[in-house]
Amino acid sequence: MDTKVININSTEPEEELIQAAAALIRDGELVAFPTETVYGLGADGLNEDAVNKIFLSKGRPQDNPLILHVDSVDMLEQLVMEIPFAARLCIEKFWPGPLTILFRRREIVPDIVTAGLETVAIRMPSHPIALRLISLSGTPIAAPSANSSGKPSPTRAEHVLEDMDGKIPMIIDGGETGVGLESTVLDLTGDKPMILRPGGVTLEDVRMLLPNAIVDPALGPSNEDMVPKSPGQKYRHYAPKAQMILVSGENKKIVDEINRLTTEAVLKGMKVGIMCCTENKGSYSAHMVADMGSCVDKETIAHNLFHIIRDLDRTKVDLIICEAVGEDEIGLAIMNRLLKAAGGKLVKV
Ligand code: AMP
Ligand code: MG
């Protein structure tokens, strides 16, 4: 299959170009498109065969449910049994935006979308291209990140092309995505509001509305024996081809430990890549030293993260050593992705 890449203006999307993409969605085909989080791989969320193509082209395990993307609360109401009060508050404050909420699903939602679960994950994206594509398709769009399963999520159309060339008919290139990490997944169906996957909307943000919100305890690095409530969280993810180690602790000690690990690896003949904050860049020497952004600007670190991991892989390093960041605000989501990318390998100094 030929994969067409079309450029669409991300602030004022050209209507006729989005019409062509929407026609593909209505025909049961896949279209990759930008959202404010990462690029999504979209299909008509009510068409089982179309959704199945998502699983096939990503190599995604069938037990990992998908998020449905809607353009309005009207569309949401068609899909769910009820909208609880807490959900209404969150929708009011965070939609459109990077917050996915779990609802009890209606029959109309195919089993393949929810992996047979009684809940369905739904969000309203804020990216103009994503919103217009949903509206013109006239159907909720099921869309996981548009990468091959296990690889870093795509934040540029070129990343999508790397993974999906020849597998899907169309990629919409709308430039770089904003947040750079996936949406927060929030479960409001249990006793307490629970974040199942940290993301663009932070725990601190959610607690302003729902003070008793917690993060799924199974997500902590020391709780590997617990089963996360979100099926996707049990897989190794975002993984570079190189081995990866994270180093956390007090800044001076992190720098010393990374330099020690680098020397050790280089003596073994390995090529090393380092991911660090701008302030520490001058303290390292390695095959590639990648600047994630200032340590006081975690939004920029989040924005750059997946692109840097893909870049380092392209330079064919054998080992990536990365500075840990503080787990406040978006730092929690950054550390969640980094720990998955590193397969849990964390050195504390
Ligand atoms: P992705 O679309 O690849 O960003 O992943 C969507 C995330 O939402 C995965 O971690 C899924 O496991 C999670 N998810 C989707 N639907 C549900 C659900 N009904 N219950 C729990 N987690 C879900
Ligand atoms: Mg994904």
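Predicted model, so just to flag it, every value in this text is computed and none were measured. One-based numbering along the sequence shown. Whatever order the structure lists them in is the order used to number ligands and atoms, beginning at 1.
Ligand 1 has a nitrogen or oxygen under 3.5 angstrom from a nitrogen or oxygen of Ser230. Checked by distance only, ligand 1 and Arg60 come closer than 3.5 Å through their nitrogen or oxygen atoms. Residue-to-ligand polar distances keep Glu182 apart from ligand 1: every N/O pair is separated by 3.5 Å or more. Backbone and side-chain nitrogen or oxygen atoms of Gly232 are examined, and one is located within less than 3.5 angstrom of a nitrogen or oxygen of ligand 1.
Proximity to Leu117 (heavy-atom distance under 4.0 Å) selects the following atoms of ligand 1: 18 (C), 19 (N), 20 (N). Taking every heavy atom of Asn64 and a limit of under 4.0 angstrom, the matching atoms of ligand 1 come to 9 (C), 11 (C), 12 (O). The atoms of ligand 1 that sit less than 4.0 Å from any heavy atom of Val185 are 8 (O). Within ligand 1, counting atoms from 1 as listed, the ones closer than 4.0 Å to a heavy atom of Pro65 are 11 (C), 12 (O), 14 (N), 15 (C), 16 (N), 17 (C), 18 (C), 23 (C). The ligand atoms of ligand 1 that sit less than 4.0 angstrom from a heavy atom of Ile67 are 6 (C).
A donor-acceptor contact closer than 3.5 angstrom links the side chains of Glu323 and Asn280. A side-chain donor-acceptor contact under 3.5 Å links Thr37 and Thr35.
For residues 63-82, no pair satisfies ring-ring contact (aromatic ring centres under 6.0 Å, His included), with sequence neighbours left out. Counting only residues at least two apart or in different chains, ring-ring contact (aromatic ring centres under 6.0 Å, His included) contacts with residues 133-192 comprise His159-His307.
Note on ligand 1: Arg105 sits outside its first shell, no heavy atom being nearer than 4.0 Å.
Checking side-chain atoms of Thr278 against main-chain N and O of Ser294 turns up a donor-acceptor pair under 3.5 Å. Without hydrogens or angle criteria, Arg132 side chain to Leu136 main chain gives no donor-acceptor distance under 3.5 Å.
Contact check on Glu257 versus Lys252 returns no salt bridge, with no Lys/Arg side-chain nitrogen under 4.0 Å from an Asp/Glu carboxylate oxygen.
Not a single side chain to side chain donor-acceptor pair (under 3.5 Å) links Gln19 to another residue, sequence neighbours left out.
At most 12 non-hydrogen atoms from other residues, nucleotides or ligands lie less than 6.0 angstrom from CD of Glu12.
For a distance threshold of 2.8 Å, the protein N, O or S atoms nearer than that to the Mg ion (ligand 2), listed by chain and number, are Ser145 OG.
Residues Ile6 and Met164 share a hydrophobic cluster, clusters being chains of Ile/Leu/Val/Met/Phe/Trp/Tyr side chains in contact below 4.5 Å.
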